Amino acid sequence: MPAHEEHDPAQKLHRIRHSLAHVLAQAMQRLRPGATLGFGPAIDDGFYYDFILPEPLADDDLPRLEELMREIIAEGQPFTQEELPGAEALARLEAMREPHKVEYARELLEKKGLATLGFYTNGPFVDMCEGPHVASTKELPRDAFKLHAIAGAYWRGDNDNAMMTRVYGWAFATKKELREYEQARAQALLRDHRKLGAELDLFTIDDEVGRGLALWLPNGAVLCDELEKLAREWEFAAGYQRVRTPHLTRGILYQKSGHLSLYKAAMYPPMKLDDEDTAVLVSEARRALPEGEAWDPELTGAYFLKPMNCPHHHRVFAARPRSYRQLPLRLAEYGMVYRYELSGSLQGLTRVRGMCMNDAHIYLTEDQIQAEFLRVMDLHRRYYDLFGFKDYFLRLSCWDPDDPKGREKYVNDPPAWERSQGYIRAAMQELGLPYEEVKGEAAFYGPKIDIQFKTVGMKEFTVSTNQLDFAVGKRMGLSYVDRDGLDKVPYIIHRAPLGTHERFVSFLIEHYGGAFPTWLAPVQALVLPLSEQFLPYAERVAEALRARQLRADVDRSDEKLGKKVRLGATRKIPILLVVGEKEQADERVTVRRYGIEEQRSLPLAALVEQVEGEVRARKHVRAWADLDAS
RNA sequence: GCUUGUGUAGCUCAACGGUAGAGCACAGCUUUCGUAAAGCUGAGGCUGUGGGUUCGAAUCCCACCACAAGCUCCA
């Protein structure tokens, strides 16, 4: 290995983690003789190894595995490396009875064209592996790793393959770093939106309603309302028009849009009605569908919960003749959609089955694509600046021409895919923000820019999306009359900068740790009367705020001020207003702002004006100076 | 859907084969109070659901439901 790597801490840690994976595998072969191997890489916070086990593994086995690992470390086994020619390597793996390693070796030799394969040996353990590793197991920390989870994982990430048993470990260079990591993790989980959602009465998910179907409690509904208000204002300014569409739709629409052939797995099953004669619909569908496309006439007249708003907006577009003069035509709706997500993937508000989407569809000509795509990205950026998001990245999600399942996942029109991706690349270059290009993440109808966030649990999710659709306009028979008097098919941009209420709010909760800026806060100001005797004045203060549409309430409990302050702070209410004799006498309030040490006394009228101003400007006040500045 | 776990009062947890308990929250009373938890009293649980083992089950076993961490899939 090059000398400089020796001193690079990241490289060194990577070698430690990867070597620990091998130690884990050796320990597993002692604990479960006959275990065979999958992959065992280093990852962001440690390592894992995948196995096929003769006997299942339980959590109770992890301490024993750790013990065995420590023994192996104590033995000080040196790692030795060798390169074997392809045939010899295969023969060795066959002799080792490692079927998955053999499969992978074949692929490396045949598809990637490698001539030799590397093997690493430490003690009795041999693994086909690229390395690098530490020189000896004695370089591995004995107390800076911890096996923390057993999970199933499909061989090579394909659910048609065997499910292997994956053991995860955290690993660091020192015990102190491991402890710090565990503490930081526990700290982060205090911001988990599921925990805060319960503590702050934001939402609940109820078995009797259904898995993945969130109920917004009054406090959470305020967050949704404020987001909708924001979207309404900014979209209005950006030239969008609002529409409204129903939750239920006949199958014919999704047959024409392609959802029933390409998206059916994620749709709730059809509702069939006996008393409707759908013969006319069926013959219409037969005429409209592309030649040779398989379809089920039984579904044409059945009703579906809508998994996307697009087809409805397309019908709005088609409801009137359209001229090129109207383009780009921007139709917006916070629309509720339902998707039958796999039960195991549901997670709080982050992954649900019913969601309200900040949706809009923009119908445009080919030469308008680049400029409009940029305008949409700019809208995204302005939203993110408002919320102060910094920790996200952009992903250009492309189709994957080599995906064996591509025919079931993507509209089959390779030139259109390439052209559309070209437009997005050009727009992104003009935008000048870095992005990562990833194959196989496109929508079925076109490529998109996804904005990726991480939860406090470090799971990555798409929160916003900006998509270019070259396919569905044609399928749906959409057209506008162009300058030359001919009918043309519009391109369509699908965009959702604020994602869905469910996922977006889950990120907002975690981003702010539940301490929302005043404009978003469910309760913006809580008035704390010093004692019962000041209750009437407290009510007057709250009423003065409510008269300006500010969400104010009074703590009417029979508690001491200290308790009321504590409770108000625990609820992360941005503004607490203490009123007692002094305040009542001068028509003033004592203002205590969340997270700000200094309290100020203000005349009631000035307070109302101040809060009204900060809410109108959607300011995030973190210090009194933020207000003084304006 | 799959793998491995976890389900006890509204919340956080205890009881680990022998009569379900605490703190907070809730209700009543006392107190009327100046900046992060006043005091007393009370109510609240068929231990996720359904079976089984046992003289006896929150505790052991099975199935189902839900949740968590992963895999797959996705906003």
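Note that this is a predicted model, so its numbers are computed, not measured. In what follows, every chain begins at residue 1, and chains take the letters A, B, ... in the order their sequences are listed.
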Exercise. Rounded to whole angstrom, note down the P distance from B:rG48 over to B:rU59.
Key: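 That atom pair is separated by 8 Å.
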
Exercise. Taking atom C1' in both B:rA9 and B:rG50, compute the distance separating them and give it to the nearest angstrom.
Key: 23 Å

Taking atom [atom2] of [N] as reference, at what distance in whole Å does atom [atom1] of [X] sit?
X	N	atom1	atom2	result
A:D45	B:rA69	CG	C1'	12 Å
A:R211	B:rC67	CZ	P	4 Å
A:E441	B:rA75	CD	C1'	12 Å
A:E583	B:rC33	CD	P	14 Å
A:I449	B:rA75	CD1	P	14 Å
A:W155	B:rU72	CH2	P	13 Å
A:E460	B:rC71	CD	P	11 Å
A:E559	B:rA27	CD	P	10 Å

What about [X]: does its side chain form a donor-acceptor pair under 3.5 Å with the base of [N]?
X	N	answer
A:D158	B:rU72	no
A:Q347	B:rG70	no
A:N161	B:rC71	no
A:R351	B:rC73	yes
A:Y154	B:rG1	yes

Taking only side-chain N and O atoms of [X], does any of them lie within less than 4.0 angstrom of OP1 or OP2 on [N]?
X	N	value
A:R503	B:rC74	no
A:K448	B:rA75	yes
A:R194	B:rA69	yes
A:S345	B:rC73	no
A:R166	B:rU4	no
A:K563	B:rA25	yes

Which of the following nucleotides, [options], is nearest to the side chain of [X]?
X	options	value
A:A58	B:rA66, B:rG5, B:rA37	B:rG5
A:M163	B:rA36, B:rA75, B:rC2	B:rC2
A:T462	B:rG1, B:rA75, B:rG5	B:rA75
A:I150	B:rU4, B:rU32, B:rC71	B:rU4
A:L561	B:rA75, B:rU32, B:rU35	B:rU35
A:K459	B:rA38, B:rU32, B:rG70	B:rG70
A:A151	B:rC67, B:rG70, B:rC74	B:rG70
A:D207	B:rA36, B:rA66, B:rA38	B:rA66
A:D558	B:rU32, B:rG1, B:rU4	B:rU32
A:Y168	B:rA75, B:rC67, B:rC71	B:rC71

Self-check item: Earlier contact from the 5' end, RNA chain B, for A:M164 and A:M308
Solution: A:M164

Practice problem: Hey, which sits more toward the 5' end of RNA chain B by its nearest nucleotide, A:G499 or A:V565? | Solution: A:V565

Practice problem: Mind checking A:L567 for me? I need base, sugar-phosphate or nothing, with any heavy atom below 4.0 Å counting as a touch. | Solution: nothing

Quiz item: For A:G348, which contact category applies under a 4.0 Å heavy-atom criterion: base, sugar-phosphate, or nothing?
Solution: sugar-phosphate

Quiz prompt | Pairwise side-chain contact, A:N219 with A:F516, heavy-atom cut-off 4.5 Å (strictly under) | solution = no

Tell me whether the centres of the aromatic rings in [X] and [Y] are closer together than 6.0 Å.
X	Y	answer
A:Y168	A:Y48	yes
A:W399	A:F444	no
A:F387	A:Y392	no

Exercise. Output the distance between atom CG (A:L528) and atom NZ (A:K563), rounded to the nearest 0.5 Å.
Key: 13.0 Å

Quiz prompt | Syn/anti state of B:rC16 by chi, 90° boundary around 0 | solution = syn

Quiz item: Considering every strand shown, what is the Watson-Crick or G-U wobble mate of B:rU31 when both distances are under 3.5 Å?
Solution: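 Per the H-bond distance test, none.
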
Exercise. Step by step, work out the salt bridge (charged side-chain N to carboxylate O under 4.0 Å, His left out) result for A:E559 and A:R566.
Key: CA-CA 11 Å; A:E559 296 289 351; A:R566 180 184 157 77; over 6 Å; no

Exercise. If the plane angle is over 60° it's perpendicular, under 30° parallel, otherwise tilted; pick one for A:Y384 and A:F389.
Key: perpendicular

Exercise. Give a yes or no on whether A:D44 atom CG has more than 12 heavy-atom contacts from other residues, nucleotides or ligands under 6.0 Å away.
Key: no

